[in-house]
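Contents: one structure, followed by commentary.
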Amino acid sequence: MRQITVIEHLLLHQKENPLATGNFTRLLTELILAAKIISRAVNKAGLMDVLGETGEINVQGEEVQKLDEFANRVIIHRLQRSGVLCAMASEENADIIEIPEKYSKGKYFLVFDPLDGSSNIDANVSIGTIFSIYKQEKDTDYPTLGELLQKGSQQVAAGYFLYGSSTMLVYSTGQGVHGFTLDPSVGEFLLSHPNIMIPKKGKIYSVNEGYFPFWDDKTKQVIASFKDVSAGKSSYSLRYIGSLVADFHRTLLYGGIFMYPKDCRDPKKPRGKLRLLYEASPMAFLVEQAGGMAVDGEQRILDILPEELHQRVPLFIGSATEVKKVLDIYKS
Ligand code: AFP
């Protein structure tokens with residue numbers, strides 16, 4: 001079988017793909033390079049002094065960076081020079097990241113979570129980088145936060161890099177979902193999972209059940225429905241990694257549902273944990289492209305207009321059968 005790289009794949013589908021322009025190709029190329037650098041650091045995490053708290057001094061006398069801060073810096077450093085972005089937003093930065101005057105600008109916004117699941121790093125659990133790309137709608141040199149706060153349905157591309165037993169890129173430009181695996185011997189991501197479709201129904205539910213006491217009654221009913229084996233209902237297995245990219249990747253390939261419901265510890269302020277822009281929206285874009293669904297319990301994630309950069313949202317994402325079941329229970 002001929003081995004196809006990400007950029008070859010993008011160019012081969014140029015006709016169907018309005019994004020296969022030089023600028024988007026440049027953006028993807030830079031992101032891939034950043035991910036290769038992060039992947040190399042993640043693979044050596046146990047060997048190098050990349051673990052530990054910021055502020056320590058490593059054997060070379062350099063300041064030790066936490067891996068998530070390292071990943072953040074790598075992406076910002078490479079992408080701000082790409083000439084195709086008008087601004088960025090990172091899960092690690094409080095505010096929008098402007099492109100310095102000395103670099104040329106483009107028309108894309110890049111929104112990213114540099115190292116999601118980073119509390120799992122020390123245990124060698126799979127982690128990932130999530131990204132989402134929007135287009136600037138107005139023709140201004142200094143885009144405002146308001147311009148970046150677009151509905152998930154306006155994403156022009158989204159995806160993630162998974163640093164697991166192998167390093168993978170899974171992404172979509174709105175023409176299906178495609179997965180590429182990094183072949184370390186040639187240093188390229190090669191097409192390994194073309195046109196990923198999520199099964200219509202799965203056998204796995206995924207949720208942090210430790211939070212059971214903090215859920216409202218409807219949410220408790222939702223989770224109970226996946227344990228209900230009465231009257232011949234099929235049984236589900238429970239899997240929960242605690243690293244969204246890894247939990248989502250399994251859900252995409254095997255089907256079923258991943259849930260992070262709202263926490264009602266403070267009944268006046270029930271809230272989800274996952275961030276709309278950095279986690280929920282890009283995964284929702286991918287799952288819908290793969291034939292699945294993503295909702296907050298009531299509405300489609302992609303229809304939510306963000307009000308702030310770090311907005312949190314409850315998330316139910318996966319196969320259509322299981323997500324519809326959740327919607328039915330919340331509606332009842
Ligand atoms: P960290 O990046 O702090 O490890 O958080 C990971 C995460 O945002 C997401 O990747 C997981 O799905 C979720 O949090 C796990 O949260 P709980 O530990 O509360 O289950």
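Whatever order the structure lists ligands and atoms in, that order sets their numbers, starting from 1.
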Can you tell me how far CD of Glu209 sits from CZ of Phe226, rounded to the nearest 0.5 angstrom?
11.0 Å
If you measure from each non-hydrogen atom of Leu274 to ligand 1, which part falls under 4.0 Å: side chain, backbone, both or neither?
side chain
Using a 3.5 Å distance criterion without hydrogens, assess whether the side chain of Gln155 forms a donor-acceptor pair with backbone atoms of Ser281.
yes
N or O contact, Lys273 vs ligand 1, cut-off under 3.5 Å:
yes
How far is atom 10 (O) of ligand 1 from its nearest protein heavy atom, and which residue and atom is that?
Asp116 OD2, 2.6 Å
Near Gly242, which atoms of ligand 1 are under 4.0 Å from a heavy atom of that residue?
11 (C), 15 (C)
Would you mind running through ligand 1 and noting each atom that sits below 4.0 Å from a heavy atom of Ser118?
1 (P), 2 (O), 4 (O)
Got a second to check how far Ser39's OG is from Ile32's CD1, nearest 0.5 Å?
12.5 Å
Minimum-distance protein heavy atom relative to atom 8 (O) of ligand 1
Glu279 OE2, 3.0 Å
Report the C-alpha distance between Ile121 and Leu115 in whole Å, list the side-chain angles of each, state the deciding distance to 0.1 Å, and finish with yes or no for side-chain contact (heavy atoms from CB on, under 4.5 Å).
CA-CA 10 Å; Ile121 293 170; Leu115 215 51; 3.9 Å; yes
Nearest protein heavy-atom contact for atom 3 (O) of ligand 1: which residue, which atom, what distance?
Ser119 OG, 3.9 Å
Looking only at atom types and distance, does a side-chain atom of Asn120 sit under 3.5 Å from a main-chain N or O of Gly242, one as donor and one as acceptor?
yes
Shared hydrophobic cluster for Leu85 and Ile37 (ILVMFWY, side-chain gaps under 4.5 Å)
yes
Taking the non-hydrogen atoms of Arg275, is any one of them nearer than 4.0 angstrom to ligand 1?
no
What about Ser243: any of its N or O atoms under 3.5 Å from an N or O on ligand 1?
no
Could you pull out, from Phe258, Tyr278, Tyr240, the option with a heavy atom nearest to atom 15 (C) of ligand 1?
Tyr240
For ligand 1 and Gly117, I'd like to know whether there is a polar contact (N/O to N/O, distance under 3.5 Å).
yes
Would you kindly confirm whether Val74 and Leu27 end up in one hydrophobic cluster when ILVMFWY residues are joined by side chain heavy atoms under 4.5 Å apart?
yes
Shortest protein heavy-atom distance from atom 12 (O) of ligand 1, along with the residue and atom involved:
Leu244 N, 3.4 Å
Are any of the N/O atoms in Asn120 less than 3.5 Å from those in ligand 1?
no
Decide if atom OH of Tyr254 counts as having more than 12 heavy atoms of other residues, nucleotides or ligands within a radius under 6.0 Å.
no
Is there a path from Val295 to Leu305 through hydrophobic residues (I, L, V, M, F, W, Y) whose side chains come within less than 4.5 Å of each other?
no
